[in-house]
Number of protein chains: 2
Amino acid sequence: MTFITLRSIFTFELSKMVSKELLLKLFPDWENDLYEEVIAHAELRSASAGSILLKKGQNIKSAMLVVEGTIKLYQEDEEGSEFFMYHLTPGEACAVTLVCNYHLEQSQVLAKAVTDISYLAIPLEFMDKWLQKYKSWHYFVIRTYRSRYEELLNTINEIAFKNMDERLEFYIKRQVERSGKTVKLTHQEIANDLNTSREVISRLLKKMENNGWISLSRNSFDWIKK
Amino acid sequence: MTFITLRSIFTFELSKMVSKELLLKLFPDWENDLYEEVIAHAELRSASAGSILLKKGQNIKSAMLVVEGTIKLYQEDEEGSEFFMYHLTPGEACAVTLVCNYHLEQSQVLAKAVTDISYLAIPLEFMDKWLQKYKSWHYFVIRTYRSRYEELLNTINEIAFKNMDERLEFYIKRQVERSGKTVKLTHQEIANDLNTSREVISRLLKKMENNGWISLSRNSFDWIKK
DNA sequence: ATTATATAGTGACATTTATCACACTAGCTT
DNA sequence: AAGCTAGTGTGATAAATGTCACTATATAAT
């Protein structure tokens with residue numbers, strides 16, 4: 001009985017094979033040896049929609065590169081509120097996990113799987129080695145930081161200067177860009193992401209519907225405007 | 001007459017010498033050849049307090065490393081409001097200017113000199129070369145991005161979760177850390193940095209004074225608390 | 001010393017967002 | 001079909017912030 005349980009956990013955690021074709025598609029500009037190293041040392045892990053991949057304050061154990069699905073990154077406050085910052089999609093990496101070479105560093109962000117996902121987990125000891133060894137990795141890390149930095153600038157632009165109606169519109173548009181006209185989120189989920197209350201979102205969505213921008217249903221709505 | 005004017009402009013723009021001692025102090029972990037390159041190719045420029053070093057939308061012409069003084073970085077919105085994000089002090093660099101190798105990229109941020117400053121301006125064509133050639137430069141760029149990313153996370157934490165009184169306290173504390181107990185800013189300047197109105201800041205500061213946290217004067221106040 | 005100007009204080013009110021209370025409803029369970 | 005439940009709609013009110021109008025005052029300019 002116990003054995004079976006243990007084995008099933010083990011099976012779940014066991015890395016699947018990482019194929020070179022997959023890597024070539026996701027990270028087309030890497031050096032050949034780097035592919036080999038990734039194949040040798042990275043684990044292809046999966047997680048189901050909704051699971052938490054990284055929590056604020058948690059020690060970072062491995063770098064995380066998205067292979068399949070979408071991850072959402074949040075800033076978390078002391079009381080456990082979550083503020084949505086940006087998405088990560090296949091070929092992108094979680095910046096905070098890429099430069100944790102020396103000390104055991106703690107995550108300042110929360111990462112959640114939106115869909116079922118798979119990702120490459122690379123043990124941290126390779127981070128510094130690869131930085132030294134592979135130019136393409138080096139560029140990858142810098143590109144990652146640069147684009148995450150830009151995402152944060154966008155986020156700040158929204159909350160520093162805009163009211164909730166505009167922020168909601170921006171939020172929905174980002175959503176639509178990724179997953180199409182139909183947004184499958186409850187008002188409560190949107191409210192959590194924007195750190196406001198469900199009522200506020202309900203009222204604003206109603207107003208958008210009255211303006212003909214969206215069409216509301218239960219558990220989802222469609223973006224019509226433009 | 002015209003000649004004299006031209007010469008004075010020229011003199012002002014002319015690069016001063018960059019000494020190796022200076023570089024060693026500010027950037028102690030660089031490679032020797034990198035110091036030489038910086039001495040050969042960087043210009044030591046100066047700017048007076050209040051001047052704008054980089055504007056949103058402006059083409060980036062050179063990388064910027066702070067040598068003396070303090071720079072403030074802002075996010076700017078369409079109407080010209082400015083939202084303060086973080087400071088740059090000697091030994092730090094403006095992240096956005098470091099990875100603009102290929103295309104003519106436009107700045108997404110606004111950078112202003114708080115005090116009289118001097119900084120190294122490095123022509124962009126060296127950015128990619130140095131990334132390839134100098135590991136210490138590579139690490140410098142990554143460290144810069146990493147720490148700016150963390151600053152942005154802090155900023156987001158403030159505006160996403162906190163009310164103006166807490167944001168103001170955080171703002172003042174950052175100020176005090178850098179330039180001591182006496183904060184030499186008008187209420188209007190603080191209001192601009194936090195993207196709120198002067199009245200709001202005046203009232204909150206008054207409340208802080210009543211609580212014994214600060215002592216108000218004209219054009220400045222002292223932080224007393226703790 | 002008087003005036004001018006930038007800075008600061010404060011009441012009154014508007015707007016935005018948050019909170020509470022409760023009604024309504026679609027879609028599932030039994 | 002009846003009942004349950006998560007999701008939604010909406011009024012009433014509170015709290016936070018923004019805006020306007022005006023006063024007061026410290027410092028600089030004359």
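Computed from a predicted structure; not experimentally measured. Per chain, numbering begins at 1; letters A, B, ... match sequence-line order.
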>> Walk along nucleotides 11-23 of chain C from 5' to 3' and tag each nucleotide B, S or - by protein heavy-atom contact under 4.0 Å, base first, then sugar-phosphate.
In response: BB---SSSBBB--
> So which nucleotide from D/dG7, D/dG9, C/dG9 ends up closest to the side chain of A/T186?
Replying inline: D/dG7
>> Between the side chains of A/R146 and A/E150, is the shortest nitrogen-to-carboxylate-oxygen separation below 4.0 Å, so that they form an ion pair?
In response: yes
>> I want to check something: taking the side chain as every heavy atom from C-beta on, are B/Q106 and B/I60 in contact at a cut-off of under 4.5 Å?
In response: no
>> The criterion is ring-ring contact (aromatic ring centres under 6.0 Å, His included); which residues satisfy it with A/H87, sequence neighbours excluded?
In response: A/F84
> Rounded to whole angstroms, how far apart are CD1 on B/I201 and P on C/dT7?
Replying inline: 15 Å
> What's the CD-P distance between B/Q188 and D/dG18, to the nearest Å?
Replying inline: 13 Å
>> In this structure, how many angstroms lie between the C1' atom of C/dT7 and the CG atom of B/L205, rounded?
In response: 13 Å
> Please give, in whole Å, the distance from D/dA6 P to A/I190 CD1?
Replying inline: 19 Å
> NZ of A/K206 versus P of D/dT8: gap in Å, rounded?
Replying inline: 11 Å
> Would a 4.5 Å heavy-atom cut-off, applied to side chains only, mark A/D222 and A/V183 as touching?
Replying inline: no
> Would you say D/dG9 has OP1 or OP2 under 4.0 Å from some side-chain N or O of A/H187?
Replying inline: yes
> Cation over ring, B/R148 on B/Y86, under 6.0 Å and within 45°?
Replying inline: yes
> How close or far is atom C1' of D/dT8 from atom CD of A/E209, stated in whole angstroms?
Replying inline: 11 Å
>> Under 4.0 Å between a side-chain nitrogen and a carboxylate oxygen: does that hold for B/E169 and B/K173?
In response: yes
> Are the charged groups of B/K206 and B/E209 less than 4.0 angstrom apart, N to O?
Replying inline: yes
> When the distance from NZ of A/K207 to C1' of D/dT8 is rounded to whole Å, what number comes out?
Replying inline: 17 Å
>> Show, in sequence, the C-alpha distance, side-chain angles and deciding distance for A/M208 and A/I172, and conclude whether the side-chain contact (heavy atoms from CB on, under 4.5 Å) test is met.
In response: CA-CA 11 Å; A/M208 287 185 176; A/I172 296 172; 3.9 Å; yes
>> Just the rounded figure in Å: distance from C1' of D/dG18 to CZ of B/R167.
In response: 13 Å
>> Tell me whether the NZ or CZ atom of A/K112 lies within the 45° cone about the ring axis of A/Y74 and under 6.0 Å from its centre.
In response: yes
>> Across nucleotides 24-30 of chain C, 5' to 3', mark each nucleotide with B, S or - according to how protein heavy atoms within less than 4.0 Å reach it.
In response: -BB----
